[in-house]
Amino acid sequence: MVEAVEKLTKKSEDPSRWYLQLVRMAKLADYGPVRGTFAIRPYGFAIWERIQRDLDDRFKATGHQNAYFPLLIPESYLKKEAKHVEGFDPELAWVTIGGREELEERLAIRPTSESIICDFYRNWIQSYRDLPLLINQWCNVLRWEKVTRPFLRTSEFLWQEGHTVHATPEEAREEALRMQRVYSDCFHEMLAIPVLTGMKSPSERFAGAIETYTCEGLMGDGRALQAATSHDLGQNFARAFDITFLDENQERVHPYQTSWGFSTRTIGGLILVHGDDRGLKLPPKLAPTQAVIVPIWRGKNKAEVRREAEALYAELQIAGLRMEVDLDEEHSPGWKFNEHELRGVPVRIEIGPKDIEKGQAVLVRRDTAEKEFVPREGLPERLRTLLAEIQENMLVQAREFRDENTRRAESYGEFKEIIEEKRGFVLAPWDGTEETEQKIKEETKATIRLLPDDVREEGKDLVSGKPGATAVFARAY
RNA sequence: CGGGACGUGGCGCAGUCUGGUAGCGCACUCGGCUGGGGGCCGAGUGGUCGCCGGUUCAAAUCCGGCCGUCCCGACCA
């Protein structure tokens, strides 16, 4: 242990400092000159690309196509849906000059694309035969945020936004719920984040939606993170943007719409859920590098060890595993161990003179730090099953943490105590009024994260004493 | 956007109070020895001290404005 090397702050000691340090040390992102702007570095971007691919496949499998819409939105477009402008107005950035000339109408840099997309959709949709229209766009958006943190809240961020149009309210609702499920599946299967799913309370709804469905994750510090949302827009935007079509009965009617989004914020969630004192911890399905080979050589047998390491690398890569071999000659094995743990590589494979002699390799898993000696012949199979075990274990661990930190409050006093001292999700009946929701928020800083779709037990609201159904509260990011 | 702290090579900091030669550790480059949990020795590279302006013979240092970062509150994916 050498004290001169920059040590990662312990997660429990100062979670905020730990997070910022980890982002920088693992080379995930770097600060830009304008508030809230960041470069996503190659390793961070590789993670995003893997999420993108997974989600994109799921979108395609559910019938969606990708398209691209303009970055600049005329002010008049944004103003068409009253609640929508109201919601986004405080965080818009405007372009007012083009080629040295003051513009007649200022242009907003998209904070989200409903308004501009609806303008296109008005022309694209004429008949019920044009429906459903199922389009997704991968892009960047900009919101002038006051407080920013890499990934979790940045001014500019990358995301996908799906925008669909349907003939009936039932279809739109189904679509919104379907995409919530797509997100939830991605969180569980790919990211090993056991999100809760449910509806937002009216006050937490997306600006302009009639219903917002959400996926909420619980972070390592007991705070909740809204990870992805899917909105049933009803006819609000269709009316505002005058989108109509002729239905089977030859009547001109407004269609029903949805929109749904998933952003680079999730990378922040990934860090907060799985990261530990050693650094990042990536689920194998997501990890750009699933296993890294660290050769351990001594002066005399360097060539031989290198050859073996390269051979093993080739073999595993051909077996379809995402591999890396660390042939750096400057750093010691110990240095490399720490480095790859910081980066969150799920498995480390050590191969040295002793292993070559015994015809084996050493496998060390990132999630539990367990070490095992595996014969060379069976290595690809063993690595494959080990990666699957790690994937599973990470989800189990995260779920256990979530369950241990999900509590039912029987009284308002208990509610306050849990939020203050333990954090986590708190289940309590809510009478459905904004007054109690607001009061709880003011007094405890906890907000309704969602109204769960599985547990909907009736009870008495802790504040008002009126009858209500279960809501999930938490302090959120 | 309020309250507080801060901004000096890539990172962590000293120097600022009391104006006068920019310094340390790590990282980086080169050479050599090393290598199973952040190695050792030697020689080097790199900074208009966040930006703009003011005071002064002289500004990292004093004054003003702006920008950015971090923490705590109000708003948000």
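Every chain is numbered from 1, with letters handed out A, B, ... down the list of sequences. Hydrogens, waters and symmetry mates play no part in the numbers below; they use all other heavy atoms, side chains included.
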Categorize V141(A) for me: base, sugar-phosphate, or nothing, with a 4.0 angstrom heavy-atom threshold over every strand shown. nothing
N338(A) has its side chain closest, among G37(B), G36(B), A77(B), to G37(B)
Classify the ring geometry of F157(A) against W159(A): parallel below 30°, tilted from 30° to 60°, perpendicular beyond 60°. perpendicular
Rounded interatomic separation in angstrom, taking CZ from R223(A) and P from A77(B): 15 Å
Looking at the side chain of R265(A), which of A77(B), C70(B), A74(B) is the nearest nucleotide? A77(B)
Work out how far the C1' atom of C13(B) is from that of C1(B), and round it to whole angstrom. 32 Å
Using a 4.0 Å heavy-atom cut-off across all strands, classify R35(A) as base, sugar-phosphate, or nothing. sugar-phosphate
Mate of C49(B) where both pairing distances stay under 3.5 Å, Watson-Crick or G-U: none
For C11(B), the nucleotide meeting Watson-Crick or G-U wobble distances (both under 3.5 Å) is G25(B)
Apply ring pair (Phe, Tyr, Trp, His ring centres under 6.0 Å) to H163(A) and Y121(A), showing your working. CA-CA 10 Å; H163(A) 296 272; Y121(A) 282 5; 7.2 Å; no
Run the numbers on D276(A) and R366(A) for salt bridge (Lys or Arg N to Asp or Glu O under 4.0 Å), then give the verdict. CA-CA 10 Å; D276(A) 63 17; R366(A) 173 67 179 86; 2.7 Å; yes
When we call it a touch if two heavy atoms are under 4.0 Å apart, what does T37(A) touch: a base, just sugar-phosphate, or nothing? nothing
Dump every N/O contact between nucleotides 8-12 of chain B and the protein below 3.5 Å, one line per pair.
{"unit_1": "C11(B)", "atom_1": "O2'", "unit_2": "E6(A)", "atom_2": "OE1", "d": "3.2"}

What is the pairing partner of G73(B), taking Watson-Crick or G-U wobble pairs with both distances under 3.5 Å in any strand? C1(B)
Could you state the CE-P distance from M25(A) to G38(B), rounded to the nearest angstrom? 15 Å
Applying the 3.5 Å cut-off to both distances, the Watson-Crick or G-U partner of C6(B) turns out to be G68(B)
Roughly, in whole Å, what's the span from CZ in R143(A) to P in C76(B)? 11 Å
With a non-hydrogen cut-off below 4.0 angstrom, is K445(A) in contact with a base, only sugar-phosphate, or nothing? sugar-phosphate
Between P194(A) and R402(A) the two heavy atoms that sit nearest each other are O-NH1, 2.9 Å
Considering non-hydrogen atoms only, spot the tightest contact between T258(A) and A172(A) and give its length. CG2-O, 3.2 Å
Identify whether any heavy atom of T229(A) sits under 4.0 Å from a base atom; if not, whether one sits that close to sugar-phosphate; answer base, sugar-phosphate or nothing. nothing
How long is the line joining NZ of K7(A) and P of A27(B), in whole Å? 15 Å
Any base atoms under 4.0 Å from Q226(A), or only sugar-phosphate, or nothing? Heavy atoms, all strands. sugar-phosphate
Partner of C30(B) under the Watson-Crick or G-U wobble criteria, both distances under 3.5 Å, comes out as G42(B)
If the cut-off is 4.0 Å, is Y31(A) near the phosphate of C70(B), judged by side-chain N/O to OP1 or OP2? yes
Can you pull every protein N or O that's under 3.5 Å from an N or O on nucleotides 30-35 of chain B?
{"unit_1": "G35(B)", "atom_1": "O2'", "unit_2": "W297(A)", "atom_2": "O", "d": "2.9"}
{"unit_1": "G35(B)", "atom_1": "O6", "unit_2": "K302(A)", "atom_2": "NZ", "d": "2.2"}
{"unit_1": "G35(B)", "atom_1": "N1", "unit_2": "W297(A)", "atom_2": "NE1", "d": "3.3"}
{"unit_1": "G35(B)", "atom_1": "N1", "unit_2": "E329(A)", "atom_2": "O", "d": "3.3"}
{"unit_1": "G35(B)", "atom_1": "N2", "unit_2": "E329(A)", "atom_2": "O", "d": "2.7"}
{"unit_1": "G35(B)", "atom_1": "N2", "unit_2": "H331(A)", "atom_2": "O", "d": "3.0"}

Under 4.0 Å between any heavy atoms, over every strand shown, what does E91(A) touch: base, sugar-phosphate, or nothing? Just pick one. sugar-phosphate
Rounded to the Å, how far apart are L363(A) CG and G36(B) C1'? 15 Å
Once you apply a heavy-atom cut-off of 4.0 Å, does V294(A) come out as touching a base, just sugar-phosphate, or nothing? nothing
Salt bridge flag under 4.0 Å for residues R53(A) and D57(A): no
May I have the distance from K146(A) (atom NZ) to G73(B) (atom C1'), rounded to whole angstrom? 13 Å
Separation of G37(B) P from H340(A) NE2 (nearest whole Å): 15 Å
If G35(B) has a Watson-Crick or G-U wobble mate with both distances under 3.5 Å, name it; if not, just say none. none
In whole Å, measure the gap between the P atoms of C33(B) and U69(B) for me. 48 Å
Could you name each residue pair satisfying salt bridge (charged side-chain N to carboxylate O under 4.0 Å, His left out) that touches residues 335-348 of chain A, not counting sequence neighbours? R278(A)-E341(A), E324(A)-R343(A), D326(A)-K336(A), E341(A)-R348(A), R348(A)-E350(A)
Please pick, from A77(B), G36(B), C1(B), the nucleotide with the shortest atom-to-atom distance to any side-chain atom of V147(A). C1(B)
Is the W260(A) ring parallel, tilted or perpendicular to the Y183(A) ring (thresholds 30°, 60°)? perpendicular
Using a heavy-atom cut-off of under 4.0 Å over every strand shown, decide if P353(A) touches base, sugar-phosphate, or nothing. base
Which of A77(B), G36(B), A74(B) is nearest the side chain of F157(A)? It is A77(B)
When all nucleic acid strands are considered with a 4.0 Å heavy-atom cut-off, which category describes G352(A): base, sugar-phosphate, or nothing? base
List in chain and number order the residues that pass side-chain contact (heavy atoms from CB on, under 4.5 Å) with A474(A), two or more places apart in sequence or in another chain; answer none if no residue qualifies. A224(A), F425(A), R449(A)
What does G20(B) pair with, Watson-Crick or G-U, if both distances are under 3.5 Å? C57(B)
Per nearest nucleotide of RNA chain B, the residue lying toward the 5' end, T148(A) or D355(A), is D355(A)
Salt bridge (charged side-chain N to carboxylate O under 4.0 Å, His left out): pairs with one or both residues in residues 291-302 of chain A, sequence neighbours excluded: K302(A)-E329(A)
Mapping F373(A) and A228(A) to their closest nucleotides on RNA chain B, which lands nearer the 5' end? F373(A)
Does E341(A) get its side chain close enough to the base of G37(B), under 3.5 Å, for a donor-acceptor pair? yes
Looking only at heavy atoms, the pair that brings P380(A) and E315(A) closest together is CG-OE2, 3.7 Å
Do E308(A) and R376(A) sit within salt-bridge range, that is, some charged N less than 4.0 Å from a carboxylate O? yes
Taking any heavy-atom pair under 4.0 Å as a contact, classify L225(A): base, sugar-phosphate, or nothing. nothing
Touch class at under 4.0 angstrom, heavy-atom based, for G36(A) against every strand present: sugar-phosphate
For residues 133-142 of chain A, tabulate all N or O donor-acceptor pairs below 3.5 Å that involve a side-chain atom, not counting sequence neighbours.
{"unit_1": "N136(A)", "atom_1": "OD1", "unit_2": "Q160(A)", "atom_2": "NE2", "d": "2.7"}
{"unit_1": "N136(A)", "atom_1": "ND2", "unit_2": "N66(A)", "atom_2": "OD1", "d": "2.9"}
{"unit_1": "Q137(A)", "atom_1": "OE1", "unit_2": "F69(A)", "atom_2": "N", "d": "2.7"}
{"unit_1": "Q137(A)", "atom_1": "NE2", "unit_2": "S113(A)", "atom_2": "OG", "d": "3.2"}
{"unit_1": "Q137(A)", "atom_1": "NE2", "unit_2": "E161(A)", "atom_2": "OE2", "d": "3.1"}
{"unit_1": "W138(A)", "atom_1": "NE1", "unit_2": "D56(A)", "atom_2": "OD1", "d": "2.8"}
{"unit_1": "N140(A)", "atom_1": "OD1", "unit_2": "R110(A)", "atom_2": "NH2", "d": "2.8"}
{"unit_1": "N140(A)", "atom_1": "ND2", "unit_2": "E156(A)", "atom_2": "OE2", "d": "2.9"}

What is the distance, rounded to the nearest whole Å, between atom OH of Y19(A) and atom P of C70(B)? 11 Å
